[in-house]
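Structure record follows, encoded as structure tokens.
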Amino acid sequence: MISKILIANRGEIAVRIIRAAKEMGLKTVIVYSKADKESLGVKLADQAICIGPPPASESYLFYQNIISAALSVKADAIHPGYGFLAENWQFADACRMMKIRFIGPKSNVIRQMGDKAKAKALMKESGVPVVPGSDGIIDSFTRAEETVDRIGFPVIIKASAGGGGKGMRIVNEKKDLEKSYLYAANEAQQAFGDSRVYIEKYISAPKHIEFQVLGDKHGHVIHLFERDCSIQRRHQKLVEEAPSACLDDETRKKMGDIAVKAAQTAQYDSAGTIEFLYDQGSRNFYFIEMNTRIQVEHPVTESITGIDLIKYQIKIANGDHLDLQQTSIQRRGHAIECRINAENPEKDFNPNPGKIIQLRIPGGPGIRVDSGVYAGYAIPPFYDSMVAKLIAWGNDRRESIERMKRALDEYYIEGVKTTIPFHKEVLRHKDFLSGQYTTDFVNRLAPSS
Ligand code: MV4
């Protein structure tokens, strides 16, 4: 039985995991880099162990030290959060070898879903709709030509070891294909040490719809509906909502059933996400990838279902049977999340770390704030710039929007520039209000250089 959890992460997600563990009566240990000594997670955990200097490669990614820390305090499980080691199959495997439970899926599942071309082929084989394309790795320009002759332009070249948008290249005409293919393969090699790429038909201005799934170690899988994550900038999501304002109940039901089938195909246990591109014109949807971690935007799903996803991750890692049935999962109301980043939206969203001089956190009905900062805290420059997530729940979309606007007005952060003004603009934009916005929304609002 799990009784002590080591948190191999920082910031708001470390705090979120500590909160879930404490409510379950479990002991918590956090590891931290020298830059995070004064973090909220270090203050809230039962125990804290410094694992190295600020650079992540020497601390949060240096998993041998993290495993040593877990062994030294007799932690029975490690929660990786998101980012850092969350989708590192070698780390999950090392935990297993050291008899520490990795709070996430099996290492071979992380590995398989991390190879995006292989994951796509596996899904297609079991009847999950995928975007037409190369159905596997493109290992020569000749094969690239054959593929585009079959599917037509525009196409998108993706790194198989990528995901989340890194190493992608859109190609509109034949004369650019060879250059783009070589460029994409080279970029993939630089970024992931793996040059393999695959090709898909490029879907223009799609919606990014993802389904939350939960599976246990006994083969029981359910979904917890969708999140609309179409508001992103340079592949960083900025606003997420559930349910999606663009889905009809018939399409939602089809996508949910397919999401469960995809997770079953992957032999998935723990919390995971099935990503789809949704074409509003044709109402077609396509699996693009699976994320084998808890995601930043999970509170949106928690808000509309009342289900604590972190607690379920822990229970599932412990081997418990999932005590939820698909037919008993009810959606209630609407939730929106705004990511509050220490970035200057007026200066190309440049990171803006520094000391928080004053802080007023919103509250009241329907408002949740997941944050790792406090007044007087200095945001270190070494990691991502997200300092808080503001989640607004309402009985319907209109109420959640009004609550979010009200909460953004209440929020006062002095000392660092944040994305709050950007969010205020999004919330009054006609395309956001209509719910019909697509992945090109931010680029049209604030064209990136
Ligand atoms: C696509 C696509 C269009 N067609 N795939 C980006 C994030 C990653 N999870 C999937 N992504 C996309 N995949 C096909 N077949 C559009 C995106 C996409 C995108 C692509 C290039 C530049 C910006 C983008 C923003 C959102 C989605």
Side-chain angles (χ1 to χ4, degrees), residues 82-83 86-87 113-117 119-121 123-124 128-138 144 147-148 150-172 176-177 180-181 183-184 187-188 191-192 197-212 226-241 244 246 259 262 272-282 284-293 295-297 339 349 426 431-432 436-449:
Y82 51 69
E87 291 173 283
M113 294 299 110
D115 183 335
K116 303 301 173 183
K120 194 183 161 191
M123 293 306 165
K124 187 180 179 185
V128 173
V130 299
V131 190
S134 58
D135 295 336
I137 299 298
I138 289 284
T147 303
V148 300
R150 180 163 49 84
I151 64 175
F153 286 101
V155 298
I156 183 165
I157 308 175
K158 298 183 173 182
S160 196
K166 276 171 282 178
M168 291 185 175
R169 200 123 196 114
I170 299 160
V171 192
N172 288 304
D176 297 332
L177 185 63
S180 296
Y181 166 67
Y183 193 99
E187 206 170 64
F192 314 109
V197 297
Y198 61 107
I199 294 181
E200 282 180 349
K201 180 86 183 173
Y202 181 69
I203 315 282
S204 102
K207 275 229 176 233
H208 175 129
I209 305 286
E210 57 185 33
F211 269 72
Q212 179 69 53
E226 81 281 8
R227 296 182 288 259
D228 188 329
C229 304
S230 303
I231 298 189
Q232 1 186 317
R233 183 182 176 277
R234 294 185 176 168
H235 306 296
Q236 293 291 348
K237 294 166 188 165
L238 287 162
V239 179
E240 305 97 349
E241 65 175 318
S244 171
C246 76
T273 299
I274 309 293
E275 283 189 12
F276 296 103
L277 292 181
Y278 178 66
D279 179 27
Q280 290 186 90
S282 64
N284 285 334
F285 60 87
Y286 311 93
F287 168 90
I288 50 168
E289 51 191 77
M290 177 171 200
N291 299 323
T292 57
R293 60 172 189 274
Q295 292 199 212
V296 174
E297 58 271 26
R339 297 192 189 188
F349 291 78
V426 170
D431 292 349
F432 181 75
Q436 305 300 300
Y437 61 88
T438 63
T439 49
D440 56 2
F441 176 82
V442 179
N443 223 354
R444 290 194 290 145
L445 197 70
S448 59
S449 47

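Whatever order the structure lists them in is the order used to number ligands and atoms, beginning at 1. Note that this is a predicted model, so its numbers are computed, not measured.
Around ligand 1 you find Val131, Ile156, Lys158, Gly164, Gly165, Met168, Ile170, Glu200, Lys201, Tyr202, Ile203, Gln232, His235, Glu275, Leu277, Ile288, Glu289, Thr439, each with a heavy-atom distance below 4.0 Å.
In this pair, Phe276 and Phe211 present their aromatic rings perpendicular. The plane angle is above 60°, beyond the 30 to 60° band.
Side-chain atoms of Lys120 do not come within 3.5 Å of backbone N or O of Ile288 as any donor-acceptor pair.
By the side-chain contact (heavy atoms from CB on, under 4.5 Å) test, Ala121 pairs with no residue at all, sequence neighbours left out. Every side-chain contact (heavy atoms from CB on, under 4.5 Å) that Ala144 has, sequence neighbours left out, goes to Ile138, Phe141, Leu177, Ile199. Remark: Glu289 pairs with Lys116 by the salt bridge (Lys or Arg N to Asp or Glu O under 4.0 Å) rule, at least two apart or across chains.
If you run side-chain hydrogen bond (donor to acceptor under 3.5 Å, both in side chains) between Thr273 and each of Glu210, Arg293, Gln295, only Gln295 comes through.
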